[in-house]
Amino acid sequence: MEKFFKISNVSNHVVKVELSNGKKHNPLSLELIKALTNSLKEVSSQENVKVLIISSEGPGFSAGHDLEELRQNKNNKEFFQNLFNECSNLMQTIMHLSQPVIAEVCGIAAAAGCQLVASCDLAVASENASFMTPGVNIGLFCSTPMVAVSRNISRKKIMEMLLTGESMSAKDAVDYGLINHCVPVDQLQDKTMSLANLIASKPISTVKIGKEAFYKQVEMPISEAYNYTSEVMAKNMLELDAHEGISAFLEKRLPEWN
C-alpha cells in the first residue's frame with residue numbers, strides 16, 4: 001500500500017507530514033489513517049522534535065473520507081465502525097502528542113479533512129482555502145467531524161455548516177476561531193514555518209506540560225479546572241526550565257533551555 005504521505009525534517013526541531021495524494025484531494029482511507037496515526041506517534045517520540053506540521057500537496061488539503069472506499073463497503077457495518085473508530089483515534093492522537101501540531105491548509109478541507117484541521121492545535125490557511133462539513137449533501141451527516149469542529153467554533157455556526165453543507169471561507173474561519181491565520185497562498189509556508197519556529201524556541205518541557213493541561217482542563221467544570229491547573233503549575237515550577245526562565249528574566253539575559 002502506498003502511504004500517500006511523506007515526512008521531512010524542515011528544520012532541526014520541526015517535522016512536516018505532507019499528504020501526497022493531491023490528484024484525488026488527499027482522501028483519508030482506512031489504511032492511510034492507520035499509517036498516519038502510527039507515523040505521528042513515531043515522529044513524536046523523537047527527542048529533538050518540538051513542532052509538527054501537517055500539510056498537503058495539490059490544490060486541496062483533504063476532501064475527507066475516500067468515497068470510493070465507502071461505496072465498495074456499502075453493506076459492511078464492521079468496516080464502517082473500524083474506519084470511524086480509527087479516524088477518531090487519529091484525531092485524539094494529535095491532541096495527545098507532546099508537541100504542538102500545526103495544520104498548513106492550502107485549499108479545501110472538507111468533512112474529515114475539516115475535522116483534521118480542527119483537531120490540530122493551530123492552523124494556518126491560504127486565502128484560497130475553505131472549510132465545510134458537506135456530508136448532509138450525500139446522505140451522510142458529518143457526525144464525527146462535528147466533534148472536533150464544534151469544539152473550535154460556536155454551536156450556531158457549526159450547526160449551520162452541518163445542516164446546509166455550505167463552505168466557510170478562510171477569512172471567516174479566522175473570525176469564527178477554526179484557524180489562526182489566513183494569508184496569501186505564496187506566503188503560506190513562510191507563515192507556518194515562522195509560527196513553528198517561534199514555538200520551537202520555547203522550552204520543550206513547558207510546552208509539553210501546557211498542551212496536556214490545556215486539553216484536560218478545557219472539558220472540566222471551572223472549579224475542578226482551577227484545582228487541576230494549580231497542581232500543574234506547582235509541578236511546573238519544579239522544572240529546571242522554569243528556574244532558568246525566571247532567573248534569565250530577572251538577570252536580563254536570554255534563557256538557556258535544556
Does atom CD of Gln189 have more than 12 heavy-atom neighbours from other groups under 6.0 Å away? no
Are the side chain of Ser20 and the backbone of Phe4 linked by a donor-acceptor contact shorter than 3.5 Å? yes
Where the side chain of Ser62 meets the backbone of Ala109, is there a donor-acceptor pair that is under 3.5 Å apart? no
When you measure from the side chain of Asp121 to the backbone of Val101, do you find a donor-acceptor pair of N or O atoms at a distance under 3.5 Å? yes
Look at Glu57 together with Lys23 and state whether they make a salt bridge at an N to O cut-off of under 4.0 Å. no
Around atom CD of Gln81, are there more than 12 heavy atoms from other residues, nucleotides or ligands closer than 6.0 Å? yes
Any heavy-atom pair between the side chains of Cys114 and Val149 that's under 4.5 Å? yes
Donor-acceptor contact present, side-chain Asn48 to main-chain His13, <3.5 Å: no
hydrophobic_cluster_shared for Ile7 and Leu90, side chain cutoff 4.5 Å: yes
Please report whether the ring centroid of Phe84 lies less than 6.0 Å from that of His65. yes
Residues Arg151 and Glu219 bridged, charged N to O under 4.0 Å: yes
Tightest non-hydrogen contact, residues Thr144 and Ser88, listed as CG2-OG, 4.1 Å
Rounded distance [0.5 Å steps], CD1 in Ile102 versus CG in Leu52: 9.0 Å
Check whether more than 12 heavy atoms from other residues, nucleotides or ligands sit under 6.0 Å from atom CZ of Phe249, and answer yes or no. no
Which heavy atom of Lys211 sits nearest to which heavy atom of Ile94, and what is that distance? NZ-O, 2.9 Å
Is it true that, when you exclude Phe80 itself, more than 12 heavy atoms of the residues, nucleotides or ligands shown sit nearer than 6.0 Å to its CZ? yes
For the pair Asn180 (side chain) and Leu122 (backbone), establish whether a donor and an acceptor sit closer than 3.5 Å, ignoring hydrogens and angles. no
dist Leu70:CG -> Leu83:CG (nearest 0.5 Å) comes out at 6.5 Å
Considering all heavy atoms, the nearest Glu212-Tyr228 contact: O-OH, 4.1 Å
Between Ser55 and Leu19, is there a side-chain heavy-atom distance shorter than 4.5 Å? no
Minimum heavy-atom distance between Ser98 and Lys208, given as atom pair plus value: OG-CE, 3.6 Å
Taking Glu78's backbone N and O only, do any of them form a donor-acceptor pair with Asn82's side chain (distance below 3.5 Å, no angle check)? no
How about Asn89 and Thr37: do any of their side-chain heavy atoms sit closer than 4.5 Å? yes
For a 4.5 angstrom cut-off between non-hydrogen side-chain atoms, does Trp257 reach Leu240? no
Do Phe61 and Ile54 have side chains that approach each other closer than 4.5 Å (heavy atoms only, starting at C-beta)? yes
For the CE atom on Met220, are there more than 12 heavy atoms of other groups (residues, nucleotides or ligands in this structure) within a distance under 6.0 Å? yes
Heavy-atom side-chain contact between Ile199 and Lys50 under 4.5 Å: no
Under a 4.5 Å cut-off applied to non-hydrogen side-chain atoms, are Val49 and Gln46 in contact? yes
Are the side chain of Ser126 and the backbone N or O of Val185 linked by a donor-acceptor pair below 3.5 Å? no
Report yes or no: does Gln217 contribute a side-chain atom to a donor-acceptor pair with the main-chain N or O of Phe214 at less than 3.5 Å? yes
Could Lys157 and Glu160 be called an ion pair, given the rule that one side-chain N must be under 4.0 Å from one carboxylate O? yes
Got a sec: does the CG of Leu254 have more than 12 other heavy atoms crowding it under 6.0 Å? no
Minimal heavy-atom distance between Phe131 and Val117, with the atoms involved, is CE2-CG1, 4.0 Å
Can you confirm whether the side chains of Ser205 and Asp241 place a donor and an acceptor under 3.5 Å from each other? yes
Of the non-hydrogen atoms in Met161 and Met132, which two are nearest, and what is the gap between them? CE-CA, 4.0 Å
Test item: Asn128 side-chain N/O and Cys106 main-chain N/O as donor-acceptor pair under 3.5 Å: no
Residues, nucleotides or ligands: over 12 heavy atoms within 6.0 Å of Glu256 CD: no
Pair Lys16 + Glu18: basic N to acidic O under 4.0 Å: no
Pair Arg253, Glu244 - check salt bridge (Lys or Arg N to Asp or Glu O under 4.0 Å), show working. CA-CA 10 Å; Arg253 61 175 175 82; Glu244 169 61 13; 2.7 Å; yes
I'd like to know whether CZ of Arg71 has more than 12 heavy-atom contacts from other residues, nucleotides or ligands below 6.0 angstrom. no
Thr192 side chain vs Leu188 backbone, donor-acceptor pair below 3.5 Å: yes
